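Beneath this line is the structure, given in structure tokens, with notes to follow.
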Amino acid sequence: MNDSPGWATPGSSPSDGDRQGTPAGRPADDGGAQQPEQPSGDPKWSAEQPPPGQWSSPGATPPADTPPPAAQPAAGWGQQPGTSYGGQYSYPGGPGQWGRAAAAKPGVIPLRPLGLGEILDGSVATMRTHWRSVVPITLVVATVIQVISVLVQKFMLSDLPLSSTEDMTAEEAIDSLGSTLAVSVVNQFIQVLGTIVVTAMLTMIFSRAILGQHSSVSEAWRDARPQLLRLAGLTLLLALGIVLLGAVLVLPGALAGSVGLAVVGFVAWLPLIIWLGIKFSLASPALMLEKSTVIKAFARSSKLVGGSWWRIFGITVLTSLIAVMVALMVVAPFQMIGLFAFGGGIDSLEDGSAQSAWGPLIFSGIGLIIAQTIIMPIQSGVTVLLYVDQRIRREGLDLELARAAGIENYGTTGG
């Protein structure tokens with residue numbers, strides 16, 4: 001069967017390790033459709049072949065004395081229209097009409113390599129079809145994040161001086177910068193914790209949605225809980241690696257007082273963290289679905305992304321742009337209402353009081369809760385489906401998914 005790590009359905013035992021191979025019953029993906037050659041003694045090929053066709057101009061009427069075509073055998077070249085060979089190619093109707101067989105679709109995606117539209121559609125379809133499980137998770141987590149964020153901003157920024165930057169003393173400027181950085185760090189920490197929980201639970205919901213199965217919130221939590229600490233460790237290691245790279249590349253120039261050297265270090269650091277971020281972007285679904293360790297999850301992501309970095313980068317960037325646009329459309333009206341109806345308008349922006357006023361903070365938080373409830377499932381879904389797509393392309397995961405979905409003989413007898 002398949003030598004690669006299997007599709008570990010939620011609640012199954014850990015993977016035995018990182019193994020590779022091409023599943024039986026599915027031809028290796030060599031990047032193009034190869035017309036099969038007739039092997040001797042192969043039971044898939046009919047002993048009798050159809051007679052050679054006669055060439056005629058398109059639309060021409062055959063002569064009256066032309067005998068009707070011979071009946072095609074029931075197997076091999078005479079396979080009935082719409083059936084498939086090895087689960088990959090089909091004979092839709094007549095000679096010269098080879099094409100991909102219609103893939104089975106037990107859940108939100110067809111079981112074959114996915115296009116960009118199918119990845120985005122599968123993510124949205126899961127959120128729409130399984131909203132009873134998806135929305136409570138993201139809504140609760142987003143609400144907790146924003147409540148803590150509002151309280152932190154209110155009580156940590158309320159004591160800052162309201163004078164303009166030009167009128168601040170050096171001590172006031174340092175206090176203001178320190179408080180702002182502290183608020184940002186706390187907010188990011190809470191955001192990361194919430195994202196870990198959402199990612200873990202939504203990964204389990206998506207894994208079942210691919211198979212056409214429903215998952216409740218309690219089931220998603222039960223399946224995700226054993227891997228939560230590992231997922232937190234994976235996220236921490238990735239963040240620590242980014243910080244250490246920044247310290248190595250940017251900090252020497254900053255400490256030496258050389259702006260040019262610091263800029264060069266930053267210019268080298270930015271593309272490096274982007275490259276690493278994409279290279280390890282599939283580590284979290286690998287960790288959750290293969291029940292692997294943190295190190296193995298990083299290795300699996302690196303292997304799956306290899307050779308497809310630019311494709312995954314493009315899909316990730318597009319998803320991020322969609323998320324930003326949705327967030328702006330949702331949050332901006334709430335921010336305007338909070339600012340002009342309850343926050344003092346433009347004057348509060350000029351004197352800095354809007355950053356700690358209840359009205360703008362509460363309404364901005366409401367907008368962010370709604371936006372995150374929509375955005376987090378889409379981003380998590382795209383990541384999971386990219387992982388599934390790469391495994392289908394490289395390891396024939398579609399065959400395992402079909403078996404897990406209860407589709408018998410898929411990929412071997414025209415499933």
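Since we're looking at a predicted model, the values are computed, not measured. In this chain, numbering begins with 1 at the start of the sequence shown.
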Output side-chain donor-acceptor pairs under 3.5 Å for residues 209-221, partner residues at least two apart or in another chain, one line each.
unit_1	atom_1	unit_2	atom_2	d
His214	ND1	His130	ND1	3.1
Ser216	OG	Ser218	OG	3.1
Ser216	OG	Glu219	N	3.2
Glu219	OE1	Ser216	N	3.0

**Q.** Side chains of Ser123 and Phe206 in contact at under 4.5 Å (non-hydrogen atoms)
**A.** yes
Q.
Tell me which pairs pass salt bridge (Lys or Arg N to Asp or Glu O under 4.0 Å) where either residue lies in residues 314-329, with sequence neighbours left out.
A. none
**Q.** side-chain contact (heavy atoms from CB on, under 4.5 Å) against Ala262, all qualifying residues, sequence neighbours excluded
**A.** none
(Q) For Ser308, give me all partners under side-chain hydrogen bond (donor to acceptor under 3.5 Å, both in side chains), at least two apart in sequence or on another chain. (A) Gln390
What pairs of donor and acceptor atoms, side-chain ones from residues 312-323 against any protein atom, are under 3.5 angstrom apart with sequence neighbours left out?
unit_1	atom_1	unit_2	atom_2	d
Thr316	OG1	Ile312	O	2.7
Thr319	OG1	Ile315	O	2.8
Ser320	OG	Thr316	O	3.0

Identify each donor-acceptor pair in which a side-chain atom of residues 140-150 lies under 3.5 Å from a protein atom, sequence neighbours left out, and give them as a table.
unit_1	atom_1	unit_2	atom_2	d
Thr143	OG1	Leu139	O	2.7
Gln146	NE2	Gln372	OE1	3.4
Ser149	OG	Gln153	NE2	3.1
Ser149	OG	Asn187	OD1	3.3

Q: Please list, chain by chain and in numerical order, all residues satisfying salt bridge (charged side-chain N to carboxylate O under 4.0 Å, His left out) with Arg311, sequence neighbours excluded.
A: Asp389
For residues 264-289, run the donor-acceptor check on the side chains, cut-off 3.5 Å, and write out each pair with its distance to 0.1 Å, sequence neighbours left out.
unit_1	atom_1	unit_2	atom_2	d
Trp269	NE1	Ile242	O	3.1
Lys279	NZ	Ser302	OG	2.7
Ser281	OG	Ile278	O	2.8

Q. Tell me the ring-ring contact (aromatic ring centres under 6.0 Å, His included) pairs involving residues 357-379, sequence neighbours left out?
A. Phe342-Phe363
**Q.** By side-chain contact (heavy atoms from CB on, under 4.5 Å) - contacts of Val248 (at least two apart)
**A.** none
Q) Considering only heavy atoms from C-beta outward, does the side chain of Thr383 approach that of Thr199 to under 4.5 Å? A) no
